[in-house]
Amino acid sequence: PAGLYRPADETVAGFEVAGVFYHQSRHLADRPKRPAVDWNMVGGRIVREVARGPVRILGRADLRGTILQSYVDYRWELDTSVHTRVNLRPRVALVSLVDVRTLGVDGSRNRGTQTGGRGEVGARFDGNAGALELFMAVERRIDPYPLDFSTATWLSLGFRLVSR
């Protein structure tokens, strides 16, 4: 992200710390969801941003436990990310992102702990009102379809418009 995050409200030894509530609800297009596929989690977050010369690195880790679930077998989640930005010129930078997500499950679906992630690399062009990012990504998604317990992997090329 452009900033990369807002200033910390609570810091401990240079780390931002926070409690988090996470909700996800999955729908099949515009139809009512039958069966319900959703989950709620609570936990903690730790964030640290480091800047050295033209390099900015933002790391984040969330550890959450499931408090309510429908259809899914998730018990806990460790969700981490590292964003890197290397400024080449005043308005041009190389950017990268690595996300890793690990889900602990309850065993009801005959599978073990699930791991997925996404890696991106690209270029960022800053303008006066926003920025354009061009990127290439590879992703391994856990349970990519609402009613299917599996993984899927794909390659993406894309662009992102970022407002200031």
Side-chain angles (χ1 to χ4, degrees), residues 1-26 38-67 72 74-105 111-146 150-164:
L4 293 167
Y5 276 152
R6 62 174 168 56
D9 296 323
E10 295 292 326
T11 60
V12 177
F15 290 86
E16 176 183 349
V17 293
V20 294
F21 174 79
Y22 178 87
H23 167 79
Q24 187 159 7
S25 180
R26 309 209 42 210
D38 53 32
W39 60 98
N40 296 320
M41 295 178 155
V42 294
R45 169 177 291 167
I46 187 166
V47 178
R48 175 82 188 247
E49 185 172 3
V50 176
R52 299 275 190 271
V55 179
R56 295 179 74 181
I57 300 171
L58 175 73
R60 178 196 51 80
D62 287 10
L63 181 59
R64 302 183 288 258
T66 303
I67 57 171
V72 298
Y74 311 152
R75 295 194 58 161
W76 59 268
E77 179 176 30
L78 176 61
D79 183 12
T80 62
S81 69
V82 176
H83 295 260
T84 305
R85 178 177 172 162
V86 179
N87 293 318
L88 302 176
R89 298 185 183 271
R91 293 182 176 251
V92 179
L94 296 178
V95 291
S96 68
L97 163 69
V98 175
D99 283 329
V100 177
R101 181 177 177 222
T102 302
L103 280 170
V105 296
R111 62 185 189 159
T113 300
Q114 301 291 298
T115 301
R118 179 178 175 91
E120 288 185 13
V121 63
R124 179 183 172 106
F125 304 95
D126 287 310
N128 293 329
L132 169 68
E133 291 182 354
L134 305 174
F135 64 89
M136 180 174 62
V138 63
E139 181 172 7
R140 180 175 192 259
R141 175 81 53 99
I142 303 167
D143 300 339
Y145 310 105
S150 64
T151 58
T153 302
W154 54 78
L155 179 68
S156 311
L157 298 172
F159 69 93
R160 173 181 302 123
L161 300 174
V162 183
S163 65
R164 292 205 177 233

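Here the structure is a predicted model, which is why all the values come from computation and not from measurement.
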Side-chain contact test, heavy atoms from C-beta onward, threshold under 4.5 Å: evaluate it for Leu132 versus Leu161 and give yes or no.
-> yes
In this structure, which one of Asp79, Thr80, Val82 forms a side-chain contact (heavy atoms from CB on, under 4.5 Å) with Arg60?
-> Asp79
Least distance between heavy atoms, Asp38 atom then Val72 atom | O-CG2, 4.1 Å
Minimal non-hydrogen separation, Arg26 against Pro146, with atom names | NH2-N, 3.9 Å
What's the shortest heavy-atom distance between Pro144 and Ser150, and which atoms?
-> CD-O, 3.5 Å
Heavy-atom neighbours of Arg118 CZ exceed 12 at 6.0 Å | yes
Mind running side chain to side chain contact (heavy atoms under 4.5 Å, CB included) on Glu77 and Asp62 for me, showing each step along the way?
-> CA-CA 8 Å; Glu77 179 176 30; Asp62 287 10; over 6 Å; no
Might you point out which heavy atoms bring Leu97 and Ser81 nearest each other, and give the distance in Å?
-> CD1-CB, 4.3 Å
In sequence, state the C-alpha distance, the side-chain angles, and the governing distance for Arg85 and Leu58, and then conclude on side chain to side chain contact (heavy atoms under 4.5 Å, CB included).
-> CA-CA 9 Å; Arg85 178 177 172 162; Leu58 175 73; over 6 Å; no
Please name the pair of heavy atoms, one in Arg91 and one in Asn128, separated by the smallest distance, quoted to 0.1 Å.
-> NH2-OD1, 2.8 Å
What pairs with Asp143 under side-chain hydrogen bond (donor to acceptor under 3.5 Å, both in side chains), at least two apart in sequence or on another chain?
-> Tyr74, Arg111
So do Val121 and Phe135 actually touch side chain to side chain, heavy atoms under 4.5 Å?
-> no
Cationic N near anionic O, under 4.0 Å, Arg101 to Asp99 | no
Does atom CZ of Phe21 have more than 12 heavy-atom neighbours from other groups under 6.0 Å away?
-> yes
Worked verdict on Phe15 versus Val47 for side chain to side chain contact (heavy atoms under 4.5 Å, CB included) = CA-CA 6 Å; Phe15 290 86; Val47 178; over 6 Å; no
Which atom of Ala93 lies closest to which atom of Asn87, heavy atoms considered = CB-OD1, 3.5 Å
